[in-house]
Amino acid sequence: MLDEENIVDPSHPRYNSLMIRKKIADAGVKGMLADSAMIAHGRGEAYDYLLGERTIPSAMIATKEAVARLVNAERPVISLNGNAIALAGADFLTLASQLGCPVEINIFYRTPERMGSLIGHLKMLNSKLELDVEILGGIPDERIPGLEGPRGACQSNGIFNSDTILVPLEDGDRCEALVAMGKEVLVIDLNPLSRSSRKCTVGIVDEVTRVTKNMIQLIPEKPNVSDFDNSKNLQAALDHIIDNLSDKFN
Ligand code: PTJ
């Protein structure tokens, strides 16, 4: 594999975006991702472009709310899929270590090869960061009710018995199934119109690598839980997109 510095020039105006793309491309080569991972990423990029590729005020409000709920949870868990691990695996482990909670690999397109590759990657990051975060998902013993097939597989000491779950880049079905289990579901999704964003408890409309960095900063502040209104907050994200677009032509 080519050294990333050799193929992406840091002075390029879209350097960050290109580096994030490269993380996805490299993870694909390692067998960590679903075939449709790049399509999902491209959809995210399009929304990020509309948002101005930065953390907008409503996203920061949602991020703080999600941190408050994670800090106050009895059994928090961070659910990770292929894209989330490829883009922000190290920061999710740091976050889990700050919270003292496990991460659980829960993927839509589950194969033994992908699970092996993702677990191996997280184990490597755990030891590189000198962390001891529990990595679940490899030995499922429970099912998320309402989800057929391998994508419903989960662990009793992780997702199944959690009260609060952080799910980056979730698909709508799983989000709804987790909400139906009575959990507080905290979603990271650049698309404010997605079913996940609309059905979850707290929807963070922001790019996953920015969110994890913000969360790591916010955890020591231990913010308080508020009477967060998800629909109102998503509307603020949509309003921001519209304002951002009209500014471009004025
Ligand atoms: O690893 P697996 O098997 O669980 O598969 C993962 C993917 C992402 C392929 C699968 O869950 C999928 O197809 O997802 P969707 O339904 O395309 O949804 C992905 C959502 O994440 C979309 O609404 C995107 O806008 C959003 N998204 C993509 N990239 C990012 C993102 N949100 C935040 N940060 C991103 N970098």
Side-chain angles (χ1 to χ4, degrees), residues 14 16-28 30-56 58-60 62-63 66 78-89 91-92 103-119 121-122 137-138 140 144 147 149-154 159 165-178 185-200 202-215 234 237-238 241:
R14 303 204 50 74
N16 277 344
S17 170
L18 293 175
M19 288 303 291
I20 291 177
R21 275 189 189 179
K22 184 163 163 34
K23 282 188 182 176
I24 290 282
D26 287 350
K30 289 181 193 157
M32 287 162 52
L33 301 183
D35 289 346
S36 56
M38 289 216 189
I39 298 171
H41 185 72
R43 183 152 46 156
E45 274 192 350
Y47 278 101
D48 204 19
Y49 194 80
L50 296 177
L51 288 162
E53 294 174 316
R54 63 194 172 86
T55 300
I56 63 173
S58 59
M60 189 51 102
T63 304
I78 301 177
S79 172
L80 294 177
N81 67 6
N83 288 43
I85 293 172
L87 294 176
D91 281 349
F92 277 117
V103 297
E104 178 162 345
I105 302 171
N106 183 246
I107 55 179
F108 191 94
Y109 302 103
R110 189 182 173 111
T111 64
E113 293 76 20
R114 277 193 70 206
M115 285 302 293
S117 173
L118 290 167
I119 290 170
H121 187 72
L122 286 181
I144 301 171
L147 289 185
R151 72 191 176 121
C154 69
I159 288 175
I165 177 164
L166 177 63
V167 274
L169 281 77
E170 187 57 299
D171 71 277
D173 263 13
R174 276 190 306 186
C175 177
E176 284 196 281
L178 293 167
V185 182
L186 319 169
V187 160
I188 302 169
D189 189 336
L190 279 158
N191 179 1
L193 300 167
S194 76
R195 201 150 41 103
S196 305
S197 292
R198 288 182 288 116
K199 298 293 178 185
C200 68
V202 177
I204 304 168
V205 181
D206 199 1
E207 207 280 326
V208 69
T209 63
R210 291 197 297 266
V211 178
T212 47
K213 299 244 176 305
N214 289 337
M215 285 186 155
L234 292 179
L238 278 176
I241 289 176

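Atoms within each ligand, like the ligands themselves, are counted from 1 in listed order. Computed from heavy atoms alone, side chains included, the values below leave out hydrogens, waters and symmetry copies.
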Subject >> Exercise: do Thr63 and Asn214 side chains pair donor with acceptor under 3.5 Å >> reply: no
Original post:
Under a 4.5 Å cut-off applied to non-hydrogen side-chain atoms, are Cys154 and Pro140 in contact?
Top reply: no
Original post:
So does Arg110 have more than 12 non-hydrogen atoms from other groups sitting under 6.0 Å from CZ?
Top reply: yes
Original post:
Taking C-beta and beyond as the side chain, do Arg54 and Asp48 meet within less than 4.5 Å on heavy atoms?
Top reply: no
Subject >> Pair Ile144-Asn106, side chain to side chain contact (heavy atoms under 4.5 Å, CB included): steps then yes or no >> reply: CA-CA 11 Å; Ile144 301 171; Asn106 183 246; 4.2 Å; yes
Subject >> SB check Lys23 Asp26 (cutoff 4.0 Å) >> reply: no
Protein N/O near ligand 1 N/O, under 3.5 Å, which pairs?
| unit_1 | atom_1 | unit_2 | atom_2 | d |
| --- | --- | --- | --- | --- |
| ligand 1 | 1 (O) | Gly82 | N | 2.9 |
| ligand 1 | 1 (O) | Arg114 | NH2 | 2.7 |
| ligand 1 | 3 (O) | Phe108 | N | 3.2 |
| ligand 1 | 3 (O) | Tyr109 | N | 2.9 |
| ligand 1 | 3 (O) | Arg114 | NH1 | 2.7 |
| ligand 1 | 4 (O) | Phe108 | N | 2.7 |
| ligand 1 | 17 (O) | Arg43 | NH2 | 2.7 |
| ligand 1 | 23 (O) | Asp189 | OD1 | 2.9 |
| ligand 1 | 23 (O) | Asp189 | OD2 | 3.2 |
| ligand 1 | 25 (O) | Asp189 | OD1 | 3.4 |
| ligand 1 | 32 (N) | Leu190 | N | 3.2 |
| ligand 1 | 34 (N) | Val208 | N | 3.0 |
| ligand 1 | 36 (N) | Glu207 | OE2 | 2.7 |

